[in-house]
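Nothing fancy with the numbering, it's 1 onward along the sequence.
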Amino acid sequence: MLHPYLSILSSLLLASALIPVQVAALDSLVSVLERMRVQEARHFRYRETRVMAMLAEPWKAEGDLYVSTRQMVIAQRSPRPVTTTISANRLLHIDGERNIRRSMRLERPFAVPNLEPFMQLLYGVPGTAGLEREYTIRFEPAERRWQLRLESNRREEHDVARMQVSGATGRGADRLVLESTDGDRTEWQLTLLSQGAAAERELRQIRDQLTNCQIPLDCSQPN
């Protein structure tokens, strides 16, 4: 005959074995691509690190990244204030400290040099058809984090040879690594601060400031 304590313990173990275990579903490539595609405004804090052959030490920057269905704004705050605005057909770069205001027309919608595959994930045609024509795709789901790898099939045409995007399971991307065809490497770490109506208001404030400025220095640092 079992000791009363052992009998109770056995009952508890049996009961716990019968309780359904909640297991988080792994992400799929389709779900991750849908989550990354810009469908509402989002505001991120970012940290950028570039490793370049021409620099003895990695170059680092921090700031705010705003995305909406029609526009992206990169508001760098350090090492100095710089603002880059990207629409479907144009990129505007403003460096007030150096008195630079440069505009560049994009050859294809959101085809930003050195960022094109990432912009394609955010603003391109939904699904994988467009990506598969130009990149070899590897998707790796896991219990805690997913990872998406793209490798260019046309290195003679692309600035980016390889790209890695990753994020926590069930969430969007929070890390981006771009390796250029010349060997340089850029890493972005993203922290989501707001989305939806709140992010749209914050983005509108920056757009208003850029619209109303009179000289490049006025446009460098969003409030």
Side-chain angles (χ1 to χ4, degrees), residues 27-53 58-61 63-74 76 84-93 104-142 145-169 171-192:
D27 285 302
S28 67
L29 176 58
V30 172
S31 67
V32 164
L33 292 179
E34 179 66 17
R35 200 178 299 136
M36 290 185 62
R37 185 170 173 76
V38 178
Q39 302 180 60
E40 65 175 356
R42 300 172 193 161
H43 174 195
F44 299 88
R45 180 67 42 80
Y46 78 84
R47 289 185 296 167
E48 179 185 4
T49 303
R50 296 183 190 175
V51 178
M52 307 173 69
W59 180 88
K60 298 183 179 182
D64 293 275
L65 171 66
Y66 303 83
V67 297
S68 71
T69 56
R70 299 178 61 185
Q71 189 178 57
M72 172 185 286
V73 175
I74 304 171
Q76 177 184 301
T84 303
T85 303
I86 303 166
S87 60
N89 300 310
R90 188 165 296 279
L91 180 150
L92 176 63
H93 179 80
M104 180 178 71
R105 184 171 180 81
L106 303 177
E107 296 181 359
R108 296 181 304 280
F110 293 103
V112 180
N114 298 312
L115 270 179
E116 187 168 355
F118 183 60
M119 300 298 283
Q120 193 170 344
L121 292 179
L122 298 182
Y123 294 102
V125 177
T128 61
L131 291 172
E132 290 173 339
R133 286 195 295 268
E134 301 187 27
Y135 302 93
T136 298
I137 303 173
R138 290 180 55 194
F139 179 69
E140 302 171 3
R145 292 185 65 82
W146 54 264
Q147 182 169 255
L148 174 62
R149 300 171 183 259
L150 273 65
E151 185 162 354
S152 172
N153 297 327
R154 304 177 182 178
R155 294 197 181 190
E156 67 282 357
E157 301 176 12
H158 292 161
D159 297 317
V160 178
R162 284 178 293 274
M163 180 179 75
Q164 299 177 31
V165 188
S166 59
T169 298
R171 298 183 179 274
D174 58 23
R175 183 173 181 265
L176 167 67
V177 179
L178 299 155
E179 297 180 31
S180 65
T181 52
D182 61 9
D184 294 343
R185 183 178 185 272
T186 303
E187 177 178 346
W188 293 66
Q189 295 182 353
L190 306 172
T191 301
L192 181 64

Checking [X] side chain against [Y] main chain: does a donor-acceptor pair fall under 3.5 Å?
X: Asp184; Y: Ala53; answer: yes
X: Arg35; Y: Arg171; answer: yes
X: Thr169; Y: Asp27; answer: no

Which atom of [X] lies closest to which atom of [Y], heavy atoms considered:
X: Gly167; Y: Asp174; answer: CA-OD1, 3.7 Å
X: Pro113; Y: Leu106; answer: CD-CD2, 4.5 Å
X: Leu178; Y: Pro117; answer: CD2-CG, 4.4 Å
X: Arg145; Y: Ala168; answer: NH1-N, 3.7 Å
X: Tyr46; Y: Asp64; answer: CE2-N, 3.4 Å
X: Arg133; Y: Asn153; answer: O-ND2, 4.4 Å

Might you work through the side-chain contact (heavy atoms from CB on, under 4.5 Å) test for Leu33 and Leu121, ending with a clear yes or no? CA-CA 7 Å; Leu33 292 179; Leu121 292 179; 3.6 Å; yes

Side chains of Lys60 and Arg47: does their closest heavy-atom pair fall under 4.5 Å?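 They are not in contact (no side-chain heavy atoms under 4.5 Å apart), so the answer is no.
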
For a 4.5 angstrom cut-off between non-hydrogen side-chain atoms, does Leu122 reach Met72?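 Answer yes - side chains close enough.
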
Return the [atom1] to [atom2] distance between [X] and [Y], rounded to the nearest 0.5 Å.
X: Arg45; Y: Leu192; atom1: CZ; atom2: CG; answer: 11.5 Å
X: Thr49; Y: Glu187; atom1: OG1; atom2: CD; answer: 6.0 Å
X: Phe118; Y: Leu148; atom1: CZ; atom2: CG; answer: 10.5 Å
X: Leu91; Y: Ile86; atom1: CG; atom2: CD1; answer: 5.0 Å
X: Gln147; Y: Arg138; atom1: CD; atom2: CZ; answer: 8.5 Å
X: Tyr135; Y: Met163; atom1: OH; atom2: CE; answer: 7.0 Å

Quick one: ring-ring contact (aromatic ring centres under 6.0 Å, His included) partners of Phe139, sequence neighbours excluded?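 Checked Phe139 against ring-ring contact (aromatic ring centres under 6.0 Å, His included); zero matches.
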
Arg149 and Glu151 ion-paired at < 4.0 Å: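 Glu151 and Arg149: not salt-bridged.
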
Would you mind listing every side chain to side chain donor-acceptor pair (under 3.5 Å) that reaches into residues 113-125, with sequence neighbours excluded?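 Counting only pairs at least two positions apart or across chains, the side chain to side chain donor-acceptor pair (under 3.5 Å) contacts touching residues 113-125 are Arg108-Glu116.
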
